[in-house]
Amino acid sequence: MKVAVLAGDGIGPEIVAQAVKVLRALARGGLKLELEEAPFGGAGFDAHGDPLPETTLKLAKAADAVLCGAVGGPKYDALPRPQRPEQGILRLRKALGLFANLRPAVLYPELVGASTLKPEVVSGLDVMIVRELTGDIYFGEPRGRRANARNEREGYDTMLYSEPEIRRIAGVGFAAAMKRGRKLCSVDKENVLETSRFWREIVNDVAKQYPQVALSHMYVDNAAMQLVRAPKQFDVIVTGNLFGDILSDEASMLTGSIGMLPSASLDAGGKGLYEPAHGSAPDIAGKNVANPLATILSSAMMLRYTFNQDEWAYRIEAAVKSVLAQGLRTADIHEAGARKVGTSEMGDAVVAAL
Ligand code: IPM
Ligand code: MG
C-alpha cells in the first residue's frame, strides 16, 4: 500500500507529521504501508516554481492513496492564478479524477461544549456531505476577464454540469445513504439556476434505482439555514462543488471546530486523496498549536476507503475518541477543565492510545 504524503503549507507539515506518526505506529503493528513525501502547494512553488510539480504529480499518480495537509499562505497570495497553491490541489483533484468528496461532520460527545450551537441542537450529530469535486463553476469554461459592450471590465466564470457528472455523484450520494440512514438531501439552487434545474432532474432519475432511499431536495440558502437550525434532520447531503465547499465549512463548525473534520476525495476505482477540510491557517503555522485530529481522522478514512482496512481505521478513530475522553484538547476545542495540548502532544497521545 503506497501513500504519497504531500504536507503542503502553513500548518500542513505539523499536522501531517502527526498522521504519519500514527500510520508508522500501525506499520509497526503489522500494517503494510509505504510512505513517500513530495513538495506541494506553496512548497511546490518554492521548490520547483509550480504548485503541483511534475515529480509530485507522478508520485501521486503512482501511489494508491494521497495524504495531504493544506495549501496556501499570504506569501503566495500575489502570484498569478496558475502559480497559486490552490491551483495545485485543484489540478491534482482533476488529474486524479477525484470527483467524489466525502466530508463527514460527526460530533464527538466530549466536544458538545466546544460547538457554538446549543447542545440539544448538535448532540448526536452525524451528517455526511457528498460534494462533487471536479466540475461546476470551479472548472467551467469559459472564464476570465473581458470588456463588455459598454467597454467596462468584467470578470466571469461558468457554472455547468454534464449529465454523466451528475449521475456519478448522485450515485455516490445514494450509495452512501444506503449504508447509513437511507436519507439523501440533494442541495441546489433550482429556483434560479439552469444548472440546478438540470441537476435536480438527473438526481430524480438516478433515484429510481434506489427506492429504499428517501430523497429530498433543498435550496442551498435554506440548507445553510437548516444546518444551524436543525442539523440532525440530515443524513447524507449531495451537492455540487461550490455549494459543497461552503456547506461543508459550515457543517464543520457544528462539530466544535473545523480542526475535527476529515475528508476523502475518491475516483471511480477507490483511489483517494485524504486531507483535513480546513485550510493552512498561516496565522498559527509553526507554533505547535494546530489541531492534528482532522488529518489523523483523514488517514483513518484512507485505510477504510482506499485500502478496505476497516479494522485499522476503526482503531485510529477509537484512539481519537479515547484522547478526547481523557480530556486532551488543542486550542481550537479547548474549554475550561480540559488539558490544553499542542499539535505534537496530541499526535503522541493518539499513538499512545492506539
Ligand atoms: C476545500 C478548499 C479548497 C476548495 C481550496 C483550497 C481550493 O476550500 O478543500 O474546501 O475550494 O475546494
Ligand atoms: Mg473549502
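Just so we're clear, the structure is a prediction, and the values are computed from it rather than from any experiment. Both counts, for ligands and for their atoms, begin at 1 and track the order of listing. The chain is numbered in sequence order, starting from 1.
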Peer 1: Between Glu86 and Arg91, does at least one N-O distance fall below 4.0 Å, as a salt bridge requires?
Peer 2: no
Peer 1: For Asp235, which of Arg180, Lys183, Arg182 qualifies under salt bridge (Lys or Arg N to Asp or Glu O under 4.0 Å)?
Peer 2: Arg180
Peer 1: Classify the contact between His278 and ligand 1 as side chain, backbone, both or neither, using a heavy-atom distance cut-off of under 4.0 Å.
Peer 2: neither
Peer 1: For the residue pair Met346 and Leu328, what are the closest heavy atoms and their distance?
Peer 2: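 Nearest pair, atom of Met346 first, then Leu328: CE-O, 3.6 Å.
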Peer 1: Count up the protein N, O or S atoms sitting under 2.8 Å from the Mg ion (ligand 2), would you?
Peer 2: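 Those protein atoms number 1 in total.
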Peer 1: Can you see whether Tyr161 has Arg167 sitting over its ring - NZ or CZ less than 6.0 Å from the centre and within 45° of the normal?
Peer 2: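 No, cation not above the ring by the 6.0 Å, 45° rule.
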Peer 1: To the nearest 0.1 Å, how far is atom 6 (C) of ligand 1 from its closest protein heavy atom, and which atom is that?
Peer 2: Glu86 CG, 3.9 Å
Peer 1: Do you know which two heavy atoms are closest between Ala338 and His334, and how far apart they sit?
Peer 2: O-NE2, 3.3 Å
Peer 1: If I compare all heavy atoms of Trp199 with all of Ser186, which pair ends up nearest, and what's the gap?
Peer 2: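 So the two residues come closest at NE1-OG, 2.8 Å.
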Peer 1: Minimum heavy-atom separation for Ile333 and Ser257, please, with both atom names.
Peer 2: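 Result for this residue pair: CG2-CB, 3.5 Å.
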Peer 1: Between Arg84 and Asp77, what is the shortest heavy-atom contact and its length?
Peer 2: NH1-O, 3.3 Å
Peer 1: Using the ring of Tyr156 (Phe, Tyr or Trp, six-membered ring only), decide whether Arg146 places NZ or CZ under 6.0 Å from its centre and within 45 degrees of its axis.
Peer 2: yes
Peer 1: Checking contacts here: is it the side chain or the backbone of Arg103 that comes within 4.0 Å of ligand 1, counting heavy atoms only? Could be both or neither.
Peer 2: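 Within the 4.0 Å criterion, Arg103 contacts ligand 1 through side-chain atoms alone.
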Peer 1: Within a distance under 4.0 Å of any heavy atom of Arg131, pick out the atoms of ligand 1 and give their elements.
Peer 2: 1 (C), 4 (C), 9 (O), 10 (O), 11 (O), 12 (O)
Peer 1: Would you mind checking which non-hydrogen protein atom is closest to atom 4 (C) of ligand 1, with the distance to 0.1 Å?
Peer 2: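 Answer for atom 4 (C) of ligand 1: Tyr138 OH, 3.5 Å.
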Peer 1: What protein heavy atom lies closest to atom 8 (O) of ligand 1? Include the residue and the distance to one decimal.
Peer 2: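 The closest heavy atom on the protein side is Asp245 OD1, 3.3 Å.
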Peer 1: Under 4.0 Å, heavy atoms only, figure out whether ligand 1 is touched by the backbone of Gln87, its side chain, both or neither.
Peer 2: neither
